[in-house]
Amino acid sequence: MKPKILITREVFDETLAYLAEHCDVKSNQADKPFDPATLALHLQDKDGVVCCLTDRIDEAMLASGKRLKVVANIAVGYNNIDVPACTKHGVMVTNTPGVLDDSTADLAWTLILATARRLTEAEAYVRAGDWKGWHLKQMLGVDVHHATLGIIGMGRIGQQIARRAAGFKMRVLYQNRNRWPADVEKWLNAEYATKEQLLAQSDFVVLQMPYSPATHHYIGAAELKQMKPTAILINSTRGGVVDDAALVEALKNGTIRAAGLDVFENEPKLNPGFLELKNVVLAPHVGSSTEATRRAMAMTAAKNAVAALTGSKPPNLVNPDAKTKA
Ligand code: GLV
């Protein structure tokens, strides 16, 4: 008998076809997210689940999904999953690192350029019919070239963001849990800095570290005050690393110049203060959202799930300590 697998949200046809070769698939192609009670019900007879960052997989869910052997997240971040609980219950957790690095770095750069050159504000102005002609002081932005870029979280995605800075002739500072060796720093053209140094010196601060209790509100009112009043904050990682209420105040008061945000606390219900501000560029958590990358992410998750359910080690196993079920 084929293992039973649940896909919690809409995926691409090739992902479904691949999973169907190996598993008995139940999929939510209607793409209305399951509420937790419905998800728990669906997990009761499943051996595996391919899920998204909008699904919370915790103790309560695992209590329903007693047969689960694998939780395959279609995302590189996995803060939606209680990994220690999965490990305790012998459930493998997998993610999708690598395939989304370049697309997510591109989106961080989209936010850098859009905030610096006030692109969404400029577009709204044109669309509203307010543009009456060219003038010298129109929509003055700030230069990205030759500015200082501070990257917090120099993992795979942070590195791709840093590499792109060379074309803009920027100085790059970084902060990371561990300092990289000199040859990697040279390849990145980046200098290690303390959090305080990075916040005080950067013209653009990009957040790309994973979300965890340790990084909750890593940027709050105190950190925003440490930044230059001309600085721009970019959050392309996860809601919760920034205290959004403090950021709204900082943007209102001119503590910093602007922000570019792809992620929010309690998304999709973002702080309404953001909507009243012109100096913020808002995106709906689309960092990895190119067709090729989202296809690759879904297939990576599917391959991880199938490996786990057919007795192999999944390529992207997050919790190798999980004592897997027979
Ligand atoms: C997207 O946010 C991801 O973690 O892949």
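Counting starts at 1 for both ligands and their atoms, following the listed order.
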request  = Identify, with sequence neighbours excluded, every residue that meets side chain to side chain contact (heavy atoms under 4.5 Å, CB included) alongside A245.
outcome  = D243, N271

ask   = For Y218, which residues count as a side chain to side chain donor-acceptor pair (under 3.5 Å) partner, sequence neighbours excluded?
value = none

request  = Please report the closest heavy-atom contact between V241 and P210, naming both atoms and the distance.
outcome  = CG1-O, 4.5 Å

Validation: residues 248-259 side-chain donor-acceptor distances under 3.5 Å, sequence neighbours left out:
from: N253; atom 1: ND2; to: E249; atom 2: O; distance (Å): 3.1
from: R257; atom 1: NH2; to: L140; atom 2: O; distance (Å): 3.4

query = Are I161 and W187 linked, directly or through other ILVMFWY residues, by side chains that come within less than 4.5 angstrom of each other?
reply = yes

Output, or 'none' if empty, a list of ligand 1-protein atom pairs in which both atoms are N or O and the distance is under 3.5 Å, rounded to 0.1 Å.
from: ligand 1; atom 1: 2 (O); to: R238; atom 2: NH1; distance (Å): 2.7
from: ligand 1; atom 1: 2 (O); to: H285; atom 2: NE2; distance (Å): 2.7
from: ligand 1; atom 1: 4 (O); to: V76; atom 2: N; distance (Å): 3.4
from: ligand 1; atom 1: 4 (O); to: G77; atom 2: N; distance (Å): 2.9
from: ligand 1; atom 1: 4 (O); to: R238; atom 2: NH1; distance (Å): 3.3
from: ligand 1; atom 1: 4 (O); to: R238; atom 2: NH2; distance (Å): 2.7
from: ligand 1; atom 1: 5 (O); to: V76; atom 2: N; distance (Å): 2.8

inquiry  = Would you call the rings of Y211 and H216 parallel, tilted or perpendicular, taking 30° and 60° as the class edges?
reply    = perpendicular

